[in-house]
Amino acid sequence: MSKNFYITTPIYYPSGKPHMGHAYSSIVADIFARFKRIEKYEVLFLTGTDEHGQKIQKEAKKNNKDPKIFCDELSDNFRSLTKKLNLSNDDFIRTTETRHYESVIGIWNRLIDSGDIYLGKYSGWYSVSDEAFYEKDEIEDKDGNKVSKSSGSRVEWLEEESYFFKLSIWGDRLLEFYKNNPDFILPSSRKNEVVKFVEKGLKDLSISRTSFSWGIPVPKNNKHVIYVWLDALTNYISALNFPDVTNTKFKNFWPADLHIIGKDILRFHAIFWPAFLLAAKLSPPKRVFGHGWILSDDKKMSKSLGNILDPIEIINKYGVDQLRYYLVKEVSLGNDGSISMDNLKNCINSDLANNYGNLCQRVFSFIKKNCNNKIPENTNLNKKDKNLLDNLINNLPHLIKLMNNQNLNEYIKVVLSFSFEANKYFNDSEPWTEKKKNHKRMEAILFTIIQQIKNISILLNPIVPDATKKVLTTLNFPSKNINFDSIKNMNNLNHKIELNNLEILFRKIEDDN
RNA sequence: GGCGAGGUAGCUCAGUUGGUUAGAGCACAGGACUCAUAAGCCUGGGGUCGGCGGUUCGAAUCCGCCCCUCGCUACCA
């Protein structure tokens, strides 16, 4: 069994500034990546930017800049977002890098060799202002002109030489693939959409353009650049040094275990991507998870509504762990989720500050006052103590299963319930009473609760990495030991040296500000 | 229009193959305690489980009809 795990975010189109949707995809992927690491997997976590296309080319021109230099600036916005979000990505790929060019040319050549690409003509009603083709039923006559129904802009009949990918012949193979890999598309509700779509029959896919030049040139025909999705999707194997399929990175990490994407790009990942790969005689990824959208007060965020929630602003104001926790706790992965500042504050205060944060605070403070600030070592535990610890340990297989099924919300719920339980345990055990009548018993209680704080912190680490690390550092627990083996081990805390000082973990958010 | 998902406490949601007084967290109210970020713990109020009808000894759970919300219906990403 291989202990490797390859997870990706979408690569982001950097023409706009990073928004909540980008942050959400990245945070979700980061949580799974971190989780697999504490499960002791060798993890490769990839994110990056998708930089080609007409839009970027035009904007570069407008700004009077060379497209590559322009992209360097845009891409940096997203690279700094990875720092801001505290992502643990191992690599950051850009589609303008040499390694990606070689990779795309590599897959192109494979598709040529397999006979899946042919040169044809792409024709349709095109709107220059919308930069989009429309179907017959999407246009109407108006004042003698043909216009788009949706945008009202003029369309004209355009014919363009284009290379096509023979997507139409892959329908049956895809359906068979979905059938044999029932968890390839998650959540399952989205799988139905994809299957139904493929069942209706697929058309060949235009995969080159001559109308602009900012892209990877088609080999032996420089009039064309390779178009969007074949270019963008290939990033996932470019990072593994494709087309060299014999190197260890490719061998260890392909096929990818999990592509985290937004539901809006599901089709490209669940249909085009496996079709490209099958045609190129490569394995499709193991799983594509399409998450929902983040709405603001039940509405799509838009400038006109003035309800945009900017991840960077929220992080600056409340902290990165707070945003990470809130997004994945409150939004059910796979469904659209509504967020609001009120809920954010509520969530930070009740779960993070009052529950987990205060648990740590009250216990550390008690130890400081009553135990010379050292963790007591009394392993003479009674039934209640053991029950508390065992309950968490016995739940580990269940927790692992939840995360491997991307059931993130349930995972958080279970882990948080340990924090509730620990608070109750501390209350009921009354170490402040025991210190007067049975000092040994008090020590056993503190030993137990510290073990539990350690364990909860490890489980919570993928979600709130900064805060949990602070707690573990307070315990003089080295970060390299943040893994599942350390949960079962009761002998890995130092009882001889003093605890480090723990500042307030999560400040409560007051109503005014 | 076609296909699909869903409507459960003020809010966010759990409810396995139909089975005893429908659950959790948050929010709200009261109580005892004090180690703590006036946090934590205990107790409580609050729901004709979208509507109507049917199957059944028994339905949030199965069937039918209706109402409402949302998603997908290909080449901007």
Side-chain angles (χ1 to χ4, degrees), chain A residues 10-16 50-56 122 124 127 130-135 137 151 162 164-165 167 187-207 209 227-230 232 262-268 271-272 290 292-293 295 298 329-332 334-340 342-343 346-347 349-370 409-410 412-413 416-417 419-420 422-435 442 445-446 449 503-509:
Chain A
I11 48 171
Y12 304 116
Y13 203 68
S15 62
D50 171 24
E51 304 176 15
H52 291 131
Q54 192 167 31
K55 205 170 184 176
I56 295 267
Y122 186 64
S127 156
D130 299 348
E131 294 169 25
F133 279 93
Y134 291 102
E135 294 291 315
D137 54 355
S151 69
S162 170
F164 283 84
F165 173 73
L167 184 63
S188 51
S189 54
R190 303 224 180 282
K191 177 186 169 178
N192 297 336
E193 287 174 10
V194 171
V195 169
K196 284 284 187 298
F197 186 86
V198 175
E199 278 174 353
K200 276 199 289 188
L202 298 169
K203 288 191 231 163
D204 288 350
L205 189 69
S206 162
I207 50 166
R209 283 287 187 274
Y227 191 49
V228 205
W229 286 104
L230 182 57
K263 63 178 183 180
D264 48 329
I265 54 174
L266 180 65
R267 174 171 316 132
F268 310 107
I271 300 176
F272 298 175
W293 283 333
L295 310 173
D298 278 327
K329 161 84 190 313
E330 200 73 9
V331 177
S332 144
N335 296 326
D336 289 356
S338 194
I339 63 173
S340 70
D342 281 347
N343 286 340
N346 209 304
C347 180
N349 288 350
S350 56
D351 286 6
L352 295 177
N354 293 350
N355 207 306
Y356 172 70
N358 187 52
L359 171 69
C360 298
Q361 203 66 41
R362 69 196 296 206
V363 172
F364 294 164
S365 152
F366 194 94
I367 288 177
K368 191 170 187 176
K369 285 179 189 160
N370 301 295
N409 305 94
E410 187 63 20
I412 294 175
K413 233 164 124 180
L416 197 70
S417 76
S419 185
F420 276 89
N423 268 313
K424 180 173 166 51
Y425 165 87
F426 202 64
N427 264 52
D428 294 351
S429 303
E430 297 186 30
W432 46 91
T433 308
E434 298 295 348
K435 86 176 172 191
M442 178 198 81
I445 293 165
L446 293 172
I449 195 86
E503 62 201 272
I504 293 289
L505 264 189
F506 299 102
R507 279 197 187 283
K508 290 189 70 162
I509 316 290

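Note that the coordinates shown come from a computational prediction; the quantities given were computed from them, not determined experimentally. Throughout, a chain's letter reflects where its sequence line sits, starting with A, and its residues are numbered from 1.
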Quiz item: Think A/Asn423 has a side-chain N or O under 4.0 angstrom from the OP1 or OP2 of B/C41?
Solution: no
Practice problem: Write down the distance separating the P atoms in B/G46 and B/A24, rounded off to the nearest Å. | Solution: 14 Å
Quiz item: Taking CG from A/Asn192 and P from B/C72, how many angstroms apart are they, rounded to a whole number?
Solution: 14 Å
Quiz item: Picking from B/A39, B/A77, B/G71, which would you name as closest to the side chain of A/Lys263?
Solution: B/G71
Practice problem: Look at the side chain of A/Asn358 against the base of B/A36 and say whether a donor-acceptor pair falls under 3.5 Å; ignore hydrogens and angles. | Solution: yes
Self-check item: Residue A/Arg190, side-chain atoms from C-beta onward, closest of B/A14, B/G71, B/A36
Solution: B/G71
Quiz item: To the nearest Å, how far apart are A/Ile56 CD1 and B/A77 P?
Solution: 11 Å
Quiz item: Does NZ or CZ of A/Arg362 fall inside the cone over A/Phe426's six-membered ring, less than 6.0 Å from its centre and within 45° of the axis?
Solution: no
Exercise. Go ahead and name the base partner of B/G25; Watson-Crick or wobble counts if both distances stay under 3.5 Å, otherwise write none.
Key: B/C11
Quiz item: Between A/Tyr425 (OH) and B/A39 (P), how many Å, whole number?
Solution: 25 Å
Quiz item: Under 4.0 angstrom, heavy atoms only, what part of the nucleic acid is A/Val194 near: base, sugar-phosphate, or nothing?
Solution: nothing
Quiz prompt | C1'-based separation of B/C57 from B/U20 [nearest Å] | solution = 13 Å
Quiz item: RNA chain B: A/Lys435 or A/Glu410, which has the more 5' nearest nucleotide?
Solution: A/Glu410
Quiz item: Is it true that a side-chain atom of A/Asn370 and a backbone atom of A/Phe366 form a donor plus acceptor pair closer than 3.5 Å?
Solution: yes
Practice problem: For A/Ser365, answer base if it contacts any base atom (sugar-phosphate contacts may also be present), sugar-phosphate if it contacts only those atoms, and nothing otherwise; contact means non-hydrogen atoms under 4.0 Å. | Solution: sugar-phosphate
Exercise. Mind checking A/Asn349 for me? I need base, sugar-phosphate or nothing, with any heavy atom below 4.0 Å counting as a touch.
Key: nothing
Quiz item: Of all heavy-atom pairs between A/Leu167 and A/Asp204, which one has the smallest distance, and what is that distance?
Solution: N-OD1, 3.3 Å
Quiz item: What nucleic acid atoms does A/Phe364 come within less than 4.0 Å of, heavy atoms only: base, sugar-phosphate, or nothing?
Solution: nothing
Quiz item: Using the C1' atom in both, what is the distance from B/C49 to B/G6, to the nearest Å?
Solution: 14 Å
Practice problem: Could you tell me which non-hydrogen atom of A/Ser419 sits nearest to which non-hydrogen atom of A/Asn355, and how far apart they are? | Solution: OG-OD1, 2.6 Å
Quiz prompt | Who pairs with B/G71 - Watson-Crick or G-U, where each distance is under 3.5 Å | solution = B/C3
Practice problem: Hunt down the Watson-Crick or G-U wobble partner of B/A36, both distances under 3.5 Å, from any strand shown, or write none. | Solution: none
Quiz item: In whole angstrom, what separates A/Arg209's CZ from B/C76's C1'?
Solution: 10 Å
Quiz item: So what does A/Leu266 hit on the nucleic acid, given a heavy-atom distance under 4.0 Å: a base, only sugar-phosphate, or nothing?
Solution: nothing
Quiz item: Heavy atoms under 4.0 Å, any strand shown: does A/Ile207 hit a base, just sugar-phosphate, or nothing?
Solution: nothing
Quiz item: What is the distance from CG of A/Asn355 to C1' of B/A39, rounded to the nearest Å?
Solution: 10 Å
Quiz item: How long is the line joining CZ of A/Phe366 and C1' of B/A39, in whole Å?
Solution: 16 Å
Exercise. Please answer whether the main-chain N or O of A/Val331 pairs with a side-chain N or O of A/Asn409 as donor and acceptor at a distance below 3.5 Å.
Key: yes
Self-check item: Closest nucleotide among B/A74, B/C33, B/C41 to the A/Leu167 side chain
Solution: B/A74
Self-check item: Sugar-phosphate only, base, or nothing, as touched by A/Phe426 at under 4.0 Å among non-hydrogen atoms
Solution: base
Quiz item: The side chain of A/Trp432 lies closest to which of these nucleotides: B/A74, B/A77, B/C33?
Solution: B/C33
Quiz item: Going through the checks in order, is the side chain to side chain contact (heavy atoms under 4.5 Å, CB included) test met by A/Phe272 and A/Leu230?
Solution: CA-CA 8 Å; A/Phe272 298 175; A/Leu230 182 57; over 6 Å; no
Exercise. Take atom C1' in B/A74 and the same atom in B/A9, then report the distance between them in whole Å.
Key: 43 Å
Practice problem: Examine B/C42: is either OP1 or OP2 under 4.0 Å from a nitrogen or oxygen in the side chain of A/Lys424? Give yes or no. | Solution: yes
Quiz prompt | A/Asn354 and A/Lys508, any side-chain heavy atoms less than 4.5 Å apart | solution = yes
Quiz prompt | Distance between C1' atoms of B/G44 and B/A32 (Å, rounded) | solution = 15 Å
Quiz item: Just checking A/Gly201: base, sugar-phosphate only, or nothing, at a heavy-atom cut-off of under 4.0 Å?
Solution: base
Quiz item: Considering Watson-Crick and G-U wobble pairs with both distances under 3.5 Å, what does B/C57 pair with?
Solution: B/G19
Self-check item: A/Ser206 side chain, from C-beta outward: closest of B/C35, B/C75, B/U37
Solution: B/C75
Quiz item: On a whole-Å scale, what distance lies between the C1' atoms belonging to B/G54 and B/G18?
Solution: 15 Å
Quiz item: Counting only Watson-Crick or G-U wobble pairs whose two distances fall under 3.5 Å, which nucleotide matches B/C52?
Solution: B/G64
Quiz item: For the pair made of CG in A/Asn343 and C1' in B/A27, what is the distance, rounded to whole Å?
Solution: 11 Å
Quiz item: For atom P, what is the distance between B/G51 and B/C68, given to the nearest Å?
Solution: 15 Å
Practice problem: Would you mind pulling out the nucleotide paired to B/G30, Watson-Crick or G-U wobble, both distances under 3.5 Å? | Solution: B/C42
Exercise. Please determine if a side-chain N or O atom of A/Arg267 lies less than 4.0 Å away from the OP1 or OP2 oxygen of B/U73.
Key: yes
Quiz item: Within the pair A/Lys369 and B/A36, is there a side-chain N or O less than 4.0 Å away from OP1 or OP2?
Solution: yes
Exercise. Check every atom of B/A74, B/A77, B/C35 against the side chain of A/Trp229 and return the nucleotide holding the closest atom.
Key: B/A77
Quiz prompt | Per A/Asp428 side chain, nearest of listed nucleotides B/U37, B/C75, B/C41 | solution = B/C41
Quiz prompt | Which nucleotide in B/G40, B/A14, B/C35 has an atom nearest any side-chain atom of A/Lys413 | solution = B/A14
Exercise. Just do the ring-ring contact (aromatic ring centres under 6.0 Å, His included) check on A/Phe268 and A/Trp229 with the steps written out, would you?
Key: CA-CA 7 Å; A/Phe268 310 107; A/Trp229 286 104; 4.0 Å; yes
Quiz item: Would you say A/Tyr356 reaches B/A39's phosphate, i.e. side-chain N/O to OP1/OP2 under 4.0 Å?
Solution: no
Quiz prompt | Which atom of A/Gly290 lies closest to which atom of A/Arg190, heavy atoms considered | solution = O-NE, 3.5 Å
Self-check item: Residue closer to the 5' end of RNA chain B, A/Asn354 versus A/Leu205 (nearest nucleotide)
Solution: A/Asn354
Self-check item: Span that lies between the C1' atom of B/U8 and that of B/U73, in whole angstrom
Solution: 31 Å
Quiz item: Is there a side-chain polar atom (N or O) of A/Lys508 under 4.0 Å from OP1 or OP2 of B/A39?
Solution: yes
